[in-house]
Amino acid sequence: MPNSKEVRVRFAPSPTGDLHVGNIRTALFDWAYARHTGGKFVFRIEDTDTERVTDEYISRAVETLKWLGLDWDEGPEVGGPYGPYLQSQRMDIYAEWAQRFLDQGDAYYCYCSSEELEARREAQRAANVAPGYDGKCRSLSEAELSAFISEGRKPVVRMRMPDGETTFTDLIRGEVTFDHNFVPDFVLVRGDGSPLYTLAVAVDDVLMKISHVLRGEDLLSSTPRQIRVYQAMGLSDADFPHFAHLPFVMGQDNAKLSKRNGEVSIAWYRDRGFLPEAICNYLALLGWSPGEDRENVSMKELTELFTVERVHSSPARFDMKKLEPINGDKIRELDLDDLLSRVTPFLIKDGVIAGTDDQLALVRLTLPLIQERIATLAEVTAMVKFLFVTDFAIEESEQPKIADAQSQSVLQAALDTLNSVSQWDHATIEAALRETLIAGLALKPRIAFGPIRVAVTGSHISPPLFESMELLGRERSLERIAAAVQK
RNA sequence: GGCCCCGUCGUCUAGCGGCCUAGGACUCUGGCUUCUCAAGCCAGCUACGAGGGUUCGAAUCCCUUCGGGGCUACCA
């Protein structure tokens, strides 16, 4: 095993859609392992399926990884010594190897049509035999061959699986063996000459000197095929990469997480106000744990603590209920300027502010009040909106809270007191209000401050009242209370 | 169907033969604190899928069984 060689880990998605939670968990582990070992993190795009992969998806995948902070040493945009890193730009390489496998007798041309194959598979299933290629074209006679050619059939290149079995050591699952009876000859090159994943993945892993393949467990059963290609390429067992098949991330319905059973797009979480470091921290906990009853880990700590040995073999369910509190914790760890810069795009998008310096300065002052009250960045809008609206209005459902006689008398008393207050800061406001309402009218705090809160912020849920009034300013605060009194 | 992988609280997990009357986190339920909402603090509920072995001793090792998942393409 290539222990002495440099660790080179790759993340090689096939962007047939936006990168989702499962992809990213894999990318995160790949990245963390590379960083932990001081090796290289290679980002490769597997776009051999031209029907389904688009340039748009590829650039979104690049953006997503950047946003998450999973920086790569080799790959799109940065290049590297083993490029290109888009498989669609490596077609000639795959063609050369396919030809060589043909020449060596490891692979052969197969003229069976899709229809014929399907019919034979049906028959196999009916006869309760393991379905798979039956080897029909392994040795064609001259007559059969020329017949197919004159028919104009375009052959695929198929890899020959010899009798026997393949055994390899999975870093997470231990020794795994596949009997070749259940690993049929597989296609390397399509009839139109384009390569398949089975060819490209193995060729690239070898050519890019990948030392560790950490990927989803759905690829576990394709590993014997990959190893078969290594052998045809002339690699000795000692030079095969190490394999580690990561457990799935499941949806709530206990099936592999997909678009059908939950929100899977990382972009969706970004737009909802989740922090990249929170997403990474939570995802790191799906299938791995730092031990020692620890859960909150920074990206840096993740790279320090991550080892494949601590990755589980069993699948984990993705649970928003846990992502949210982690996100809240991460928000609370942010310093004010950092939080401000992250929150600003949401406020602008929601039309709360335009982004002027004055507005940002005011937002920054409110941040200490709301930082511990939000679990996602998007929630900040509801919290600070009352400070910026020009057409202030109390929510319909909140009207009853200020309409009754007691509330009205509270509001009137507050208005009178506040009108004569000498300074407009939260300490002075609070002292004055407590003096007249709590001490004077003998009201319970929640009875006294509730109506004022609704009058000033428009809702019974808000940042702390006195600080809110200070930030709102004397004029607007009194205006709003006065307006509420007239109801 | 066949092959392969997996199985600790509702969820994520700690545990790698005795430290486990199974620990932590999230959720949930009470309570404290309190100008609302949060945050914070305290308490509580709840788990080794089942059955056999091995052993002085098993959540930890073996077997069977049940359950879940993946693969079974000219997708990846």
According to a strict under-4.0 Å criterion, is [X] in side-chain N/O contact with OP1 or OP2 of [N]?
{"X": "R121(A)", "N": "rU72(B)", "result": "no"}
{"X": "R52(A)", "N": "rA76(B)", "result": "no"}
{"X": "H312(A)", "N": "rA14(B)", "result": "yes"}
{"X": "R310(A)", "N": "rG15(B)", "result": "yes"}
{"X": "S313(A)", "N": "rC5(B)", "result": "no"}
{"X": "R190(A)", "N": "rC75(B)", "result": "yes"}
{"X": "R125(A)", "N": "rG1(B)", "result": "no"}
{"X": "T16(A)", "N": "rA76(B)", "result": "no"}

Open item on the list: Among rC5(B), rC26(B), rU13(B), which nucleotide has an atom closest to any side-chain atom of R173(A)?
Closed with: rC5(B)
Rounding to an integer number of angstrom, what distance separates [N] and [M] when you compare their [atom1] atoms?
{"N": "rU8(B)", "M": "rA47(B)", "atom1": "C1'", "result": "6 Å"}
{"N": "rC45(B)", "M": "rC6(B)", "atom1": "P", "result": "34 Å"}
{"N": "rC56(B)", "M": "rA50(B)", "atom1": "P", "result": "25 Å"}

Open item on the list: Give the residues of residues 279-286 of chain A touching RNA chain B, defined as any heavy atom closer than 4.0 Å, sorted by residue number.
Closed with: L285(A), L286(A)
Open item on the list: Please determine whether any donor N or O and acceptor N or O are separated by less than 3.5 Å between the side chain of R453(A) and the base of rC35(B).
Closed with: yes
- [ ] Could you tell me whether the side chain of E295(A) has a donor or acceptor atom within less than 3.5 Å of a complementary atom in the base of rG24(B)?
- [x] yes
Open item on the list: Under a 3.5 Å threshold, yes or no: a donor from one side chain and an acceptor from the other, between T436(A) and T417(A)?
Closed with: yes
TODO: Assess the side chains of D416(A) and Q412(A): does a donor N or O sit below 3.5 Å from an acceptor N or O?
DONE: yes
- [ ] Determine yes or no for a side-chain-to-main-chain donor-acceptor pair under 3.5 angstrom, with R60(A) supplying the side chain and G17(A) the backbone.
- [x] no
- [ ] Indicate yes or no: does R342(A) engage E277(A) in a salt bridge with an N to O separation below 4.0 Å.
- [x] yes
Task: Ion pair check, R10(A) and D30(A), cut-off under 4.0 Å - done: no
TODO: Quick one: look up who rA50(B) pairs with, Watson-Crick or G-U, both distances under 3.5 Å, and put none if it's unpaired.
DONE: rU64(B)
Open item on the list: Suppose we define a pair by two distances each less than 3.5 Å, Watson-Crick or G-U wobble; what does rC35(B) pair with here?
Closed with: none
Task: D163(A), CG: over 12 other non-hydrogen atoms inside 6.0 angstrom - done: no
Task: Aromatic centroids of F186(A) and F101(A) separated by under 6.0 Å - done: no
Task: Length of the CG-P vector between L433(A) and rC35(B), whole Å - done: 13 Å
